[in-house]
Amino acid sequence: MNQIALTEFCDRPAWEVAPELVGAALLVEGVGGLVVETEAYEPDDPASHSFGGPTARNAAMFGPPAHAYVYRSYGIHWCFNIVCRRGSAVLVRALEPKWGLEAMMARRGLRDAALLAAGPGRLTQALAITRAHDGMPLAGAAIALDPHPAAQPLATGPRIGISKATERPWRFGLAGSRYLSRPFGRG
DNA sequence: CCTACGATCCCCT
DNA sequence: GGGGATCGTAGGC
């Protein structure tokens with residue numbers, strides 16, 4: 001999808017975009033797969049980095065839609081987000097590896113496809129996403145995001161690893177996929 | 001199967 | 001100076 005069409009797709013609240021991104025193709029330098037798990041974060045959302053307004057770290061979240069927001073997590077991992085309407089973003093938590101399997105296996109140091117990109121930190125390691133990608137367009141030379149309609153059973157549930165606004169059911173995923181960071185509960 | 005914990009940066013107060 | 005939108009490993013049941 002080109003950058004203009006992708007911007008239009010992303011220029012909505014993250015809770016609306018996040019479920020529609022399940023099934024999308026995500027590639028970085030030709031390596032990647034299909035998105036199987038996402039989470040939405042909003043400006044009025046105490047769990048969101050954008051909750052307190054713009055800062056140096058979250059600047060990309062307040063930039064144009066359809067760009068990347070990449071941040072350091074726990075001092076060790078990178079996490080990759082898709083910027084939506086101003087101050088909102090979708091965290092991509094897991095991929096079904098599909099293109100460039102050997103590159104991902106080499107970067108992750110293992111050959112089990114189910115563990116290559118099952119989790120936000122694992123995903124960025126497999127795709128070699130770092131701070132250098134923060135603010136980059138998602139239909140550019142390095143990153144290609146291609147949402148497409150897919151008839152699929154979606155599961156929802158509470159977001160993972162947060163301590164505020166834990167009641168918002170803003171985690172979305174492909175029900176029953178073996179590539180999720182964690183299974184979804186019943187209901 | 002599960003729970004516990006250490007690693008290690010950067011941003012924000 | 002505190003605290004994460006996490007991961008891998010160790011050890012118990």
Side-chain angles (χ1 to χ4, degrees), chain A residues 10 13-19 21-22 24 26 28 33 35-63 65 67-97 104-136 138 145 155-174 177-186:
Chain A
C10 291
W15 54 261
E16 191 174 320
V17 178
L21 281 172
V22 174
L26 174 65
V28 176
V35 175
V36 296
E37 184 181 341
T38 60
E39 283 179 0
Y41 290 87
E42 294 289 339
D44 70 345
D45 167 13
S48 173
H49 288 176
S50 60
F51 183 62
T55 65
R57 176 177 62 159
N58 68 21
M61 284 187 81
F62 292 91
H67 285 62
Y69 167 46
V70 180
Y71 69 90
R72 194 78 151 157
S73 177
Y74 289 89
I76 300 171
H77 311 283
W78 298 102
C79 290
F80 171 77
N81 295 254
I82 293 162
V83 176
C84 297
R85 185 163 290 171
R86 181 174 172 77
S88 65
V90 173
L91 172 68
V92 182
R93 291 191 51 90
L95 292 184
E96 174 181 338
M104 288 190 267
M105 289 171 177
R107 290 164 181 166
R108 295 273 299 121
L110 42 83
R111 303 192 65 80
D112 181 354
L115 292 177
L116 284 182
R122 292 165 170 169
L123 183 158
T124 55
Q125 186 181 22
L127 270 56
I129 292 171
T130 68
R131 183 174 200 79
H133 296 92
D134 188 39
M136 288 184 74
L138 297 180
L145 177 65
T156 65
R159 294 172 292 179
I160 294 175
I162 58 171
S163 57
K164 298 168 185 170
T166 54
E167 77 288 353
R168 303 193 190 196
W170 282 354
R171 176 179 178 233
F172 306 92
L174 194 56
S177 168
R178 64 182 283 243
Y179 302 101
L180 298 171
S181 67
R182 284 169 40 175
F184 283 81
R186 301 245 169 199

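Letters go in sequence order (proteins before strands), and every chain restarts at 1. Predicted model, so just to flag it, every value in this text is computed and none were measured.
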Tell me whether the OP1 or OP2 atom of [N] has a side-chain N or O from [X] closer than 4.0 Å.
X: A/Arg108; N: C/dG8; answer: yes
X: A/Arg93; N: C/dT6; answer: yes
X: A/Arg72; N: C/dT6; answer: no
X: A/His49; N: C/dA5; answer: yes

### Query
Between the side-chain atoms of A/Tyr74 and the base atoms of B/dA7, is any donor-acceptor pair under 3.5 Å?
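When only heavy-atom distances are counted, A/Tyr74 does not reach the base of B/dA7 through any donor-acceptor pair under 3.5 Å.
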### Query
Salt bridge check: are A/Asp44 and A/Arg168 linked by an N-O gap of less than 4.0 Å?
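Answer for the salt bridge query: yes.
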Spacing between [X] atom [atom1] and [N] atom [atom2], to the nearest angstrom:
X: A/Leu91; N: C/dG4; atom1: CG; atom2: C1'; result: 13 Å
X: A/Lys164; N: C/dG3; atom1: NZ; atom2: P; result: 11 Å
X: A/Asn81; N: C/dT6; atom1: CG; atom2: P; result: 11 Å
X: A/His77; N: B/dT8; atom1: NE2; atom2: C1'; result: 10 Å
X: A/Tyr69; N: C/dA5; atom1: OH; atom2: P; result: 9 Å
X: A/Met61; N: C/dA5; atom1: CE; atom2: C1'; result: 10 Å
X: A/Arg159; N: C/dG4; atom1: CZ; atom2: P; result: 15 Å
X: A/Ile82; N: C/dA5; atom1: CD1; atom2: C1'; result: 14 Å

### Query
Can A/Tyr41 be said to stack with the base of C/dA5, given centres closer than 5.5 angstrom and planes under 30 degrees apart?
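A stacking contact exists, since A/Tyr41 sits close and nearly parallel to the base ring of C/dA5.
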Answer yes or no: is there a donor N or O on one side and an acceptor on the other, between the side chain of [X] and the main chain of [Y], under 3.5 Å?
X: A/His133; Y: A/Arg131; result: no
X: A/Arg122; Y: A/Ala118; result: yes
X: A/Arg93; Y: A/Glu37; result: no
X: A/Arg159; Y: A/Ala40; result: yes

### Query
Where each residue is assigned the nucleotide of DNA chain C containing its nearest heavy atom, which of A/Glu39 and A/Arg122 is assigned the position nearer the 5′ end?
A/Glu39
### Query
Does A/Arg131 or A/Ile76 map to a spot on DNA chain B nearer the 5' end, using the closest nucleotide for each?
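Per heavy-atom nearest nucleotide, the more 5' residue is A/Ile76.
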### Message
Under a 3.5 Å cut-off for both contacts, is B/dG6 paired Watson-Crick or G-U wobble with anything, and if yes, with which nucleotide?
### Response
C/dC7
